[in-house]
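What follows is a short report on a single structure.
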Amino acid sequence: MTSPKSKNSSTPKNELLPGRRDGSNAKPRARLVRSHSLYRPAEVHEIFRRFSVQRPEPKGELEHVNAFTLLVAVVLSAQATDVGVNKATRALFKVADTPQKMLALGEAKVGDFIRTVGLWRNKAKNVIALSEALIRDHGGEVPDDRDQLVKLPGVGRKTANVVLNMAFGQHTMAVDTHIFRIGNRLRLAPGKTPEQVEQGLLRIIPDEYMRHAHHWLILHGRYVCKARKPDCPVCVIADICKAEEKTNDVPAPLVEIAPLEPLSEIQ
């Protein structure tokens, strides 16, 4: 434990302490991140119009058969790849596609199915616990309300937003690592936290594009605006993009692209 400072050891007012111009001993403030979008409404509209031409009906890449299996898949996808989750859940969902069946399967057997997924022990426990909660509190149905979803074991805001968007068609924005990167890299919706980026995107994306905006941004981040190096030559918004690190100002041809192969087949 550090000793209390003596009353007589205070620094004279005219002697400035390092780090601040006013002489206080507070740490220097971190550089603030500008929280507003750099794009005009017309530019945002054009960005998502082009995404809609590329992928008129974008699909999530986590395999599922109903709202419950989608919820489980998203819970399992935390700190794991969609490829890995899909490999584990194909067999699991064949025998347990409802909370009742999952609960009957039991934690140990669920663990056996998902053993290849990161943090599988804790996730197996959460899957059983959320199945119990759905049966007890919601009649075995997945609720279409965020406040109710985030009360379920293992379910956070991002997971809830994915389920609300994909299973119930709600205009939510689930900010994963790809969307967080794009929001800040492109200065589309800068923010220090996922929720700040989420709120920024909700403010600027036109309502007509909100249904699929979440998937468009994820797919753009996964396959074009990649983490290590953005693939600017194949970007359809290269001329609009305001990212400092972009390498190309000429947009790629705007054509509908073929549906992606199943993730299990991608090497």
Side-chain angles (χ1 to χ4, degrees), residues 29-62 77 81-83 157-158 161-162 165-166 171-263 265-267:
R29 292 182 180 179
R31 184 172 59 87
L32 295 177
V33 175
R34 295 172 63 183
S35 60
H36 65 277
S37 176
L38 297 187
Y39 298 78
R40 300 188 304 274
E43 291 175 317
V44 176
H45 189 281
E46 179 61 13
I47 286 172
F48 287 93
R49 185 195 72 81
R50 295 185 191 181
F51 286 160
S52 72
V53 172
Q54 270 196 315
R55 295 184 174 93
E57 293 292 332
K59 304 294 182 183
E61 297 181 321
L62 284 173
S77 70
T81 66
D82 289 357
V83 174
R157 186 180 182 89
K158 185 193 78 172
N161 281 337
V162 172
N165 180 267
M166 293 181 64
H171 289 185
T172 59
M173 178 57 62
V175 177
D176 68 350
T177 56
H178 297 298
I179 295 180
F180 186 77
R181 178 177 69 255
I182 288 176
N184 282 289
R185 176 186 278 171
L186 273 61
R187 311 302 296 171
L188 187 62
K192 293 182 177 180
T193 66
E195 191 164 349
Q196 288 177 353
V197 173
E198 174 190 340
Q199 295 304 317
L201 290 170
L202 290 174
R203 282 195 300 270
I204 67 171
I205 298 174
D207 189 66
E208 65 188 286
Y209 295 123
M210 272 305 307
R211 176 67 178 86
H212 295 308
H214 158 245
H215 284 126
W216 285 324
L217 290 172
I218 286 178
L219 294 172
H220 186 68
R222 180 173 288 163
Y223 297 107
V224 180
C225 201
K226 303 171 186 178
R228 291 187 178 180
K229 183 179 180 181
D231 194 358
C232 299
V234 301
C235 179
V236 296
I237 62 169
D239 56 326
I240 305 174
C241 176
K242 301 182 190 299
E244 293 181 357
E245 57 264 64
K246 77 172 182 177
T247 60
N248 181 48
D249 289 318
V250 180
L254 183 59
V255 295
E256 183 175 345
I257 60 176
L260 294 169
E261 296 178 354
L263 285 179
E265 298 178 9
I266 298 176
Q267 300 300 320

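These numbers come from a predicted model, not from an experiment.
Contact of the M173 side chain with the I205 side chain is registered, since non-hydrogen atoms from C-beta on lie closer than 4.5 Å. Using a 4.5 Å cut-off on side-chain heavy atoms (C-beta onward), L202 and M210 make contact. Between V197 and K192 the shortest side-chain heavy-atom distance does not fall below 4.5 Å. Looking only at side-chain heavy atoms (C-beta outward), M166 and H215 come within less than 4.5 Å of each other. Looking only at side-chain heavy atoms (C-beta outward), E256 and R55 stay at 4.5 Å or farther from each other. The closest side-chain heavy-atom distance from H178 to H220 is not below 4.5 Å.
The heavy-atom pair separating I179 from A174 by the smallest distance is CD1-O, 3.2 Å. Between D82 and S77, the closest heavy-atom pair is OD1-CB, 4.3 Å. Taking all atoms of both residues into account, the shortest heavy-atom contact from W216 to F48 is CE3-CD2, 3.9 Å. Residues Q54 and L254 come closest through the heavy atom pair CG-CD1, 4.2 Å.
Note that CZ of R185 and CD of E244 are 11.5 Å apart. Values are rounded to the nearest 0.5 Å. One distance of note links OH of Y39 with CG of L186; it measures 4.0 Å at 0.5 Å rounding. Atom-to-atom distance recorded for R211:CZ and T172:OG1 is 8.5 Å, nearest 0.5 angstrom.
At least one donor-acceptor pair under 3.5 Å links the side chain of S37 to the backbone N or O of L188. Side chain of N165 to main chain of H212: no donor-acceptor pair is present (N/O by atom type, distance under 3.5 Å, no hydrogens or angles). Although no hydrogens or angles enter the test, the distance criterion places no donor-acceptor pair under 3.5 Å between the side chain of R157 and the main chain of E195. Although no hydrogens or angles enter the test, the distance criterion places no donor-acceptor pair under 3.5 Å between the side chain of Y209 and the main chain of I47.
Scanning for side chain to side chain contact (heavy atoms under 4.5 Å, CB included) contacts around P194 gives V175, F180, with sequence neighbours left out. Residues passing the side chain to side chain donor-acceptor pair (under 3.5 Å) test with K246, sequence neighbours excluded: D249.
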Show your reasoning for whether side-chain contact (heavy atoms from CB on, under 4.5 Å) applies to K158 and E198.
CA-CA 10 Å; K158 185 193 78 172; E198 174 190 340; over 6 Å; no

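Environment of CD in E245: crowded, with over 12 heavy atoms of neighbouring residues, nucleotides or ligands closer than 6.0 Å. Atom CZ of R40 has 12 or fewer neighbouring heavy atoms from other residues, nucleotides or ligands inside a 6.0 Å radius.
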Only pairs under 3.5 Å count here: list side-chain donor-acceptor contacts from residues 225-242, not counting sequence neighbours, and write none if there are none.
residue	atom	partner	partner atom	Å
D239	OD1	R50	NH1	2.7
D239	OD2	R50	NH2	3.2
K242	NZ	E43	OE2	3.3

